[in-house]
Trainee: 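Below: one structure in C-alpha cells.
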Amino acid sequence: YGPRREKLGYELLRGQPLPRGVRHLVAHMLYYNGKGQVLLQRRSESRPLAPGMWALTGGSALAGETSWQACVRESREELGIIPAWEQSDIPLSYMTPDAHVDVYLIFWNGNLHQLHLQREEVAQAAWLNREEFLRLSADQEHFWQYPYLPLLTQYLDQRPGVWDVL
C-alpha cells in the first residue's frame, strides 16, 4: 500500500524489507466484555518482536486480505476467538512509516477458559479493568507502547459500554 492506502499492484514476501513509502496492512484487536474489562495477551518469549510483553492481539494482513479478514484470522489463530462484525468497531486507523493499522474494538463476553492460545505467539491472556489497563499500559518495560495508545485510551473512556458492568 502507498501512503494514501492505495494498492500498489504488487506483493512482497513476508520478512522482506519494505521499500521507502510502502506500507503493509495491520489489524490490532482489543476485546472488551460486559464486566468493564479489556482482554490483553502476553506475547511468547520466543517472539522476535516484543517477547514477553503485554499487548493487543494483532498481526499483518496476508496478500489479498482486508484488515477485517486479518482481524478474524489473527483472533482465531492466537486466541481461538472468531469475532462478530456486528460486535466490532474501528475506533481508529493509524499510519506508521511502514504500516496502515486498523484498531478494532470488539465485544466478546467469553471467559479465559474458552480461549485456545497459540503458544508459539501467546503465553498468557488476562481480562483487566480500567485501572489495571492504565497501570499496565503505562509500564514501558512490560507493555508494548503503541503510538496510538493515548488516542485509544481516550476513546475507551468516552465510549459507553467499555468500562461499564452490564
Side-chain angles (χ1 to χ4, degrees), residues 1 3-5 23-44 47 49-61 65-118 121-166:
Y1 291 88
R4 293 182 186 86
R5 204 167 172 153
R23 291 167 175 82
H24 65 288
L25 187 58
V26 175
H28 290 165
M29 293 72 76
L30 183 61
Y31 286 88
Y32 70 101
N33 63 19
K35 298 177 184 174
Q37 300 168 315
V38 294
L39 182 66
L40 295 179
Q41 65 182 49
R42 190 171 60 79
R43 297 173 55 83
S44 169
R47 298 306 302 156
L49 179 66
M53 294 187 85
W54 286 93
L56 278 63
T57 302
S60 296
E65 280 186 330
T66 64
S67 71
W68 174 252
Q69 289 167 328
C71 168
V72 172
R73 180 182 47 77
E74 291 286 349
S75 293
R76 187 181 63 243
E77 288 175 1
E78 294 184 12
L79 301 174
I81 296 174
I82 299 176
W85 175 256
E86 60 276 0
Q87 297 291 326
S88 69
D89 184 20
I90 302 177
L92 49 101
S93 290
Y94 193 85
M95 187 172 62
T96 69
D98 67 351
H100 292 286
V101 182
D102 287 338
V103 183
Y104 289 88
L105 183 63
I106 306 168
F107 182 78
W108 183 70
N109 221 14
N111 63 56
L112 296 178
H113 300 294
Q114 293 173 277
L115 298 175
H116 299 283
L117 303 181
Q118 181 183 31
E121 295 208 24
V122 182
Q124 181 182 358
W127 285 111
L128 293 106
N129 65 29
R130 182 180 183 278
E131 291 73 28
E132 293 165 332
F133 173 76
L134 292 176
R135 187 171 42 253
L136 181 60
S137 64
D139 183 347
Q140 296 183 11
E141 190 175 324
H142 296 100
F143 188 85
W144 182 255
Q145 296 300 300
Y146 300 95
Y148 58 76
L149 192 58
L151 290 173
L152 179 61
T153 302
Q154 181 181 13
Y155 180 83
L156 295 173
D157 283 344
Q158 293 175 352
R159 188 172 192 283
V162 174
W163 301 124
D164 302 328
V165 177
L166 304 177

Trainee: For the residue pair Ser93 and Asp102, what are the closest heavy atoms and their distance?
Mentor: OG-OD1, 2.6 Å
Trainee: Hey, mind stepping through Tyr146 and Leu152 against side-chain contact (heavy atoms from CB on, under 4.5 Å) and telling me if it holds?
Mentor: CA-CA 9 Å; Tyr146 300 95; Leu152 179 61; over 6 Å; no
Trainee: Considering all heavy atoms of both residues, which atom of His142 and which atom of Asp139 are nearest to each other, and what is their separation?
Mentor: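 His142 and Asp139 have their closest heavy atoms at ND1-OD2, 2.7 Å.
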Trainee: Nearest 0.5 Å, what's the CZ-CE distance between Arg47 and Met53?
Mentor: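 If we round to the nearest 0.5 Å, Arg47:CZ and Met53:CE are 14.5 Å apart.
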Trainee: Any side-chain heavy atom of Trp54 sitting closer than 4.5 Å to one from Gln124?
Mentor: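 Yes, side chains in contact.
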Trainee: Which heavy atom of Gly34 sits nearest to which heavy atom of Phe107, and what is that distance?
Mentor: N-CE1, 3.5 Å
Trainee: Could you walk me through whether Trp144 and Leu49 satisfy the side-chain contact (heavy atoms from CB on, under 4.5 Å) test, starting with their C-alpha distance in whole Å, then the side-chain angles of each, then the deciding distance to 0.1 Å, before giving a yes or no?
Mentor: CA-CA 10 Å; Trp144 182 255; Leu49 179 66; 3.6 Å; yes
Trainee: For Trp163 and Phe133, take the angle between the two ring planes, folded into 0 to 90°, and tell me which bin it lands in: parallel under 30, tilted 30 to 60, perpendicular over 60.
Mentor: tilted
Trainee: So Met29 and Trp108, do their side chains get closer than 4.5 Å, heavy atoms only?
Mentor: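 A side-chain contact is absent here, since even the closest heavy-atom pair is not under 4.5 Å.
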Trainee: Distance-only, no hydrogens or angles: does the Asp164 side chain make a donor-acceptor pair with backbone N or O of Gly161 under 3.5 Å?
Mentor: yes
Trainee: How long is the straight-line distance from CG of Leu149 back to CG of Leu56, given to the nearest 0.5 Å?
Mentor: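 Going from CG on Leu56 over to CG on Leu149, the span is 8.0 Å.
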Trainee: Mind checking the OG1-CZ spacing from Thr57 to Arg76? Nearest 0.5 Å is all I need.
Mentor: 13.5 Å
Trainee: Taking all non-hydrogen atoms of both residues into account, name the closest pair between Gly58 and Glu78 and its distance.
Mentor: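 Distance-wise, the nearest heavy atoms are O-OE2, 3.1 Å.
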Trainee: To the nearest 0.5 Å, what is the distance between CG (Leu79) and CD (Glu74)?
Mentor: 9.5 Å
Trainee: For residues Ile106 and Cys71, determine if any side-chain heavy atom of one lies less than 4.5 Å from a side-chain heavy atom of the other.
Mentor: yes
Trainee: Would the distance check show the side chain of Gln145 and the main-chain N or O of Phe143 forming a donor-acceptor pair, the cut-off being under 3.5 Å?
Mentor: yes
Trainee: Please report the shortest heavy-atom distance between Ala99 and Val26, naming the atom on each side.
Mentor: CB-CG2, 3.9 Å
Trainee: Taking atom types as modelled, is there a side-chain donor on His28 or Tyr94 under 3.5 Å from an acceptor on the other?
Mentor: no
Trainee: Is the closest side-chain donor-acceptor distance between Tyr31 and Ser75 under 3.5 Å?
Mentor: yes
Trainee: Between Leu166 and Asn33, does the side-chain contact (heavy atoms from CB on, under 4.5 Å) criterion hold? Intermediate values first, please.
Mentor: CA-CA 9 Å; Leu166 304 177; Asn33 63 19; over 6 Å; no
Trainee: Give the minimum heavy-atom separation between Ser88 and Trp68, together with the two atoms involved.
Mentor: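 Taking every non-hydrogen atom into account, OG-CZ3, 3.6 Å.
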Trainee: Evaluate the side-chain proximity of Leu117 to Gln41: yes if any heavy-atom separation is below 4.5 Å, no if none is.
Mentor: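 A side-chain contact is absent here, since even the closest heavy-atom pair is not under 4.5 Å.
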Trainee: Check whether His24 reaches the backbone of Ala61 with its side chain - one donor and one acceptor, N or O, closer than 3.5 Å.
Mentor: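 Not confirmed, His24 side chain does not pair with Ala61 backbone.
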Trainee: Roughly how far apart are Leu25 CG and Thr66 OG1, rounded to 0.5 Å?
Mentor: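 These two atoms lie 7.5 Å from each other.
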Trainee: For residues Tyr155 and Leu105, determine if any side-chain heavy atom of one lies less than 4.5 Å from a side-chain heavy atom of the other.
Mentor: yes
Trainee: Under a 3.5 Å distance rule, please check whether Arg23 uses its side chain to pair with a backbone N or O of Thr96 as donor and acceptor.
Mentor: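 Present.
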Trainee: Side-chain contact test, heavy atoms from C-beta onward, threshold under 4.5 Å: evaluate it for Leu39 versus Leu30 and give yes or no.
Mentor: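 Not in contact.
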Trainee: side-chain contact (heavy atoms from CB on, under 4.5 Å), that's the test. Do Ile90 and Val103 meet it? Break it down for me.
Mentor: CA-CA 6 Å; Ile90 302 177; Val103 183; 5.7 Å; no
Trainee: OH/Tyr1 to CG/Asp98 distance, rounded to the nearest 0.5 angstrom?
Mentor: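 One finds 14.5 Å between OH of Tyr1 and CG of Asp98.
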Trainee: Please enumerate all residues that pass salt bridge (Lys or Arg N to Asp or Glu O under 4.0 Å) together with Arg73, with sequence neighbours excluded.
Mentor: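 For Arg73 the salt bridge (Lys or Arg N to Asp or Glu O under 4.0 Å) partners, ignoring immediate neighbours, are Glu65, Glu77.
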